[in-house]
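Below: the structure, in structure tokens.
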Amino acid sequence: MGRVTMENAVSTVNSTVQALIERSNRLGADKRNTNYAGGNTSAKGSDTDPVTGENVELLWVKGSGGDLGTLKEQGLAVLRLDRLRALTNVYPGLDREDEMVAAFDYTLHGKGGAAPSIDTAMHGLVDAAHVDHLHPDSGIAIATAVDGEALTEKIFGDKVVWVPWRRPGFQLGLDIAAIKAENPQAVGTILGGHGITAWGETSEEAENNSLWIIETAERYIADNGRPNPFGEPLEGYAALPPEERRAKAAALAPVIRGLASTDRAQVGHFTDDDAVLDFLSASEHPRLAALGTSCPDHFLRTKVKPLVLDLPADASIEASVARLKELHQEYREDYRGYYERHAESDSPAMRGADPAIVLIPGVGMFSYGANKQTARVAGEFYINAINVMRGAEAISTYAPIDESEKFRIEYWALEEAKLARMPKPKSHATRIALVTGAASGIGKAIATRLAAEGACVVIADLNLENAEKVAEELGGSDVAIGVQADVTSPEQVQQAIDAAVLAFGGLDLVVNNAGLSISKPLLETSEKDWDLQHNVMAKGSFLVSKAAAKVLIDQEMGGDIIYISSKNSVFAGPNNIAYSATKADQAHQVRLLAAELGEYGVRVNGINPDGVVRGSGIFAGGWGAKRAAVYGVDEEKLGEYYAQRTLLKREVLPENVANAAVVLTSAELSHTTGLHVPVDAGVAAAFLR
């Protein structure tokens, strides 16, 4: 008889779970149904208890923080249904309902699985095998209409029941369970100010009921809505032509990011989505924006309301910047007033008074968060909010939940505990880096290490295909983007900088790494060789630093500029006059820029590598063969040769240079500028002092 273990005693495939995941993925794939990481789905069924070997009734429900569109089995919380429902016997009442979240832990089944979310009670207490809770734009439009209850009855009859606003929690689960019991004909509810809930006895029935509510609401709004729900066109506020608005966005991005990072550094995202431009072009946008969002998922990401520039689309950059600074100060004062109006003695401390959403008429929307994904999703949520406002205003009047209720959600003790559980940020979290020549060799190693330390990275390289490939390897557009940049071209350099600020909101860290090497003695070095060498490295790094410095100064957040110079900037070796001279030029640029940019909090430092053979594009491109010939060794032995002439007898790799770049740009060296760090395993002739 074979040995029975806990692992093989439990069925590895459960048809109920499989159907739930498939339904969740379908619903979550369409953002009309629910926003990213918003809503939750569940299924009730049986599985084998590994202790008793008997069947046990379970609830599988999407866990806290997961996303329906990408949900997998490990993203489900699994609870004993009998124990979950028994919690009704110990429920202490509305004033203490938050205690029930911790009580869910005593109902869990098995090991692993996700943490139960605040909506678990809704799913467990409703007497239906399958339950969906979603945040569709059309459903929230009904839920935020001033006459939402009457509209619910008019649109859905008795098949959908109105639930007045109640904060998510155990009591809301009890309320919906009672509604389901008292209305056997109903297939779901509209949750005032919040979203929808639907159910069914099969997974297919629950999904069909969810989609029926969503699509019925969409059709009603489309068939009965006013043609201009945001009001008449506002003169001067129409969208600028695409190139013009992107140029204006790039010019404003550093300033706006600096303002949005007053309390803590943020990563940004820009979009000129038609929904945003249409909203900002109409006369009612100031009133609606001031009302703020309603669905808890929305305003937890976007804050209660955005900052809106109150100037026409053709306002100058200078006028826009001046007004944005005034509005930002007003926003901070207003937010502090909001906090002080509602905070109680046990409320969490104010988390920051800067906006998460900034709207620029004719241009688009900037959104901010602790990383690129969070910033991007915040923008997506505000587009959801715009769609909600459009729907509500089309058939009624938009009326979000009260400000006091928004505060209760935003500064909920459960939300604070959730934030406290987040992992400590990595050393370069929120930092945005641009690395030139980053598709191979030292540049790729630096970009890879910076991304691993939490930075967003722009891979700038002559070869766009390779740059985009590296960006994809690093994690795609929420981590890195690839751009084409010939550093000898001021236009292409500026385009790369603009791409950085539009992709991630700004720029904090620049690595001048792009280069090439020409190994020839003086009498064989042509004027063309000299010009090419100096154009790529001396002129190229000057152009990159100049364009980057404008962003760093406008942001008012400090920053770092790193030059990948060389041991040859201080060591006189044979047969490399053009290369070594331009490296000396770069080395002195470090000193000059450190002296000039220090008043803006910008640190400028250099790295002097030597003999980086393996993984080097320069060495593979012919420099290695020529240097090997100079030293009389086989090319494949060049790395070993370089190692043996060092004090440490170690070969220098691209990753060693990347380590130095990370250290130089870390908080630990916050007071260091104008420094050159040798990464050469010890070449005494290149000692700086």
Side-chain angles (χ1 to χ4, degrees), residues 23-24 27 32-35 38-44 59 61-62 68 88 94 97 117-203 205-221 294-298 388 391-392 395-396 399-401 405 409:
R23 171 173 111 239
S24 302
L27 288 170
R32 293 181 307 166
N33 299 332
T34 199
N35 42 262
N40 29 64
T41 51
S42 68
K44 302 177 183 74
L59 170 72
V61 58
K62 191 206 84 171
L68 289 176
T88 58
L94 188 61
E97 71 167 339
S117 77
I118 189 67
D119 290 315
T120 298
M122 178 193 304
H123 292 271
L125 301 180
V126 170
D127 187 18
H130 300 267
V131 178
D132 296 333
H133 167 56
L134 304 171
H135 300 147
D137 295 345
S138 62
I140 306 175
I142 307 301
T144 56
V146 69
D147 53 350
E149 183 173 5
L151 281 171
T152 298
E153 183 177 0
K154 181 177 182 180
I155 296 168
F156 303 103
D158 63 357
K159 292 187 68 175
V160 177
V161 180
W162 173 264
V163 181
W165 161 258
R166 184 183 291 284
R167 189 174 65 164
F170 202 85
Q171 186 61 53
L172 181 60
L174 288 171
D175 293 349
I176 297 177
I179 286 171
K180 167 72 168 63
E182 294 164 7
N183 297 273
Q185 80 289 347
V187 301
T189 65
I190 297 288
L191 308 179
H194 186 165
I196 74 167
T197 296
W199 48 75
E201 288 312 308
T202 66
S203 185
E205 184 180 22
E207 183 175 359
N208 288 339
N209 286 339
S210 292
L211 294 176
W212 178 78
I213 294 173
I214 294 167
E215 292 165 2
T216 299
E218 286 177 348
R219 283 195 301 272
Y220 183 86
I221 294 169
S294 186
C295 175
D297 265 29
H298 291 182
V388 166
I395 57 175
S396 180
I401 62 174
E405 288 299 305
I409 295 285

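All values below were derived from every heavy atom in this structure, side-chain atoms included, with hydrogens, water molecules and symmetry-related copies excluded.
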Rounded distance (nearest 0.5 Å) linking atom NE2 of His133 with atom OG of Ser42
11.5 Å
ring-ring contact (aromatic ring centres under 6.0 Å, His included) filter on His298, not counting sequence neighbours, yields Phe381
Arg167: what forms a salt bridge (charged side-chain N to carboxylate O under 4.0 Å, His left out) with it, not counting sequence neighbours?
Asp98
Nearest 0.5 Å please: distance from the CG atom of Asp119 over to the OG1 atom of Thr41.
11.0 Å
If you look at every heavy atom in Lys44 and Gly124, which pair is closest and at what distance?
CE-O, 3.6 Å
Could you tabulate the donor-acceptor pairs under 3.5 Å formed by side-chain atoms of residues 139-151, not counting sequence neighbours?
| residue | atom | partner | partner atom | Å |
| --- | --- | --- | --- | --- |
| Thr144 | OG1 | Ile140 | O | 2.8 |
| Thr144 | OG1 | Ala141 | O | 3.4 |
| Asp147 | OD1 | Ser396 | OG | 2.5 |

Nearest heavy atoms of His130 and Ala43, plus distance in Å:
ND1-CB, 3.5 Å
Does a sphere of radius 6.0 Å around CD in Glu153 hold more than 12 heavy atoms from other residues, nucleotides or ligands, not counting ones at 6.0 Å or beyond?
no
Minimal heavy-atom distance between Gly200 and Asn209, with the atoms involved, is CA-ND2, 4.4 Å
Just grab all the salt bridge (Lys or Arg N to Asp or Glu O under 4.0 Å) pairs involving residues 121-142, residues at least two apart or on different chains.
Arg23-Asp132
Hey, could you give me each pair passing salt bridge (Lys or Arg N to Asp or Glu O under 4.0 Å) that has a residue in residues 179-202? Not counting sequence neighbours.
none
Qualifying residue for side chain to side chain contact (heavy atoms under 4.5 Å, CB included) with Val131, from Thr197, Ile176, Val61
Thr197
What distance separates Glu97 CD from Leu174 CG, expressed to the nearest 0.5 Å?
9.0 Å
Rounded to the nearest 0.5 Å, the CG atom of Asn33 sits from the CG atom of Leu68 at a distance of 9.5 Å
What one should report as the nearest heavy-atom pair of Trp199 and Ala186 is NE1-O, 3.1 Å
dist Ile155:CD1 -> Ile221:CD1 (nearest 0.5 Å) comes out at 7.0 Å
Which donor-acceptor pairs under 3.5 Å do the side chains of residues 157-166 make with protein atoms, sequence neighbours left out?
| residue | atom | partner | partner atom | Å |
| --- | --- | --- | --- | --- |
| Trp165 | NE1 | Glu405 | OE1 | 2.8 |
| Arg166 | NE | Asp175 | OD2 | 2.6 |
| Arg166 | NH2 | Asp175 | OD2 | 3.4 |

How long is the straight-line distance from OG1 of Thr120 back to CZ of Phe170, given to the nearest 0.5 Å?
10.5 Å
Are Ser138 and Arg32 packed together at the side-chain level, in the sense that at least one heavy-atom pair is separated by less than 4.5 angstrom?
no
Nearest heavy-atom approach of Asp297 to Gly38 is OD2-CA, 2.9 Å
What pair of heavy atoms forms the shortest contact from Ala177 to Leu125, and how long is it?
CB-O, 3.4 Å
